[in-house]
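In what follows, a structure is listed as structure tokens, so that the remarks can point back to it.
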Amino acid sequence: MTDRKLTAALVTCGAAALLGAPASATAATAGTTTTATSRTQAVERDSVRCIKPSGKKTNYSWSDGNSSTTVYFNNHCSHRVYAQLHFKGPAGTRQECLATNGGTKGKKKFHKGLAENLTNITRDC
């Protein structure tokens, strides 16, 4: 293909993309963006230090939902770790206990009230 034909083909493809795609792409993108934004919440993280081996941690992450909170954990310790989850809401505060075996990772779902949120995670329960 010569340079002149290649340029003409690229201009034609580019013009077709500009004329046909923006209206539908913009509508689809706008709908997707607002839906994704309304569902997206900040992921919070916390950790608890291990007794053995020193320098390692059990890491936790969560995002509060409407009726439940799922806590994801990754225990780098060689022993079982007990963590206390602190929930805060209009009726006050409450605690739940989460035990994880050494060298494991997974998730645990906690049911909660609508206005309750998990605020932090501390060692021992």
> Do H76 and T58 have side-chain N/O donor and acceptor atoms under 3.5 Å apart?
Replying inline: no

> Residues two or more places apart in sequence or in another chain: which of them pass salt bridge (charged side-chain N to carboxylate O under 4.0 Å, His left out) with R94?
Replying inline: E96, E116

> Is the Lys NZ or Arg CZ of K112 less than 6.0 Å from the centre of F110's six-membered ring, within 45° of the axis?
Replying inline: no

>> Under the rule for side-chain hydrogen bond (donor to acceptor under 3.5 Å, both in side chains), what residues qualify as partners of E44, not counting sequence neighbours?
In response: none

> Looking only at heavy atoms, what is the nearest atom pair of L118 and W62, with distance?
Replying inline: O-NE1, 3.3 Å

> Donor-acceptor pair, D46 side chain versus N120 backbone, under 3.5 Å?
Replying inline: no

> Is the side chain of N59 donor-acceptor paired with the backbone N or O of S47 at a distance under 3.5 Å, no angle test?
Replying inline: no

> Is there side-chain contact between H86 and T93, with at least one heavy-atom pair below 4.5 Å?
Replying inline: no

> Checking S78 side chain against K52 main chain: does a donor-acceptor pair fall under 3.5 Å?
Replying inline: yes

>> Looking at every non-hydrogen atom in both residues, tell me the closest pair between V71 and Y60 and how far apart they are.
In response: CG1-CD2, 4.0 Å

> Measuring from R45:CZ to S61:OG, what's the distance to the nearest 0.5 Å?
Replying inline: 5.5 Å

>> Can you list, by chain and residue number, the hydrophobic cluster partners of I51 when the side-chain cut-off is 4.5 Å?
In response: none

> Considering the options T70, T69, T119, which one meets the side-chain hydrogen bond (donor to acceptor under 3.5 Å, both in side chains) requirement together with D64?
Replying inline: T69

>> Please find the pair of heavy atoms, one from A83 and one from C125, that lie closest to each other, and give the distance.
In response: O-SG, 3.6 Å

> Minimum heavy-atom separation for R80 to N101, with atom names?
Replying inline: NE-OD1, 3.3 Å

> For F73 and T104, which heavy atoms make the closest approach, and how far apart are they?
Replying inline: CE1-OG1, 3.9 Å

>> If I take atom OG from residue S68 and atom NE2 from residue H111, how far apart are they, to the nearest 0.5 angstrom?
In response: 6.0 Å

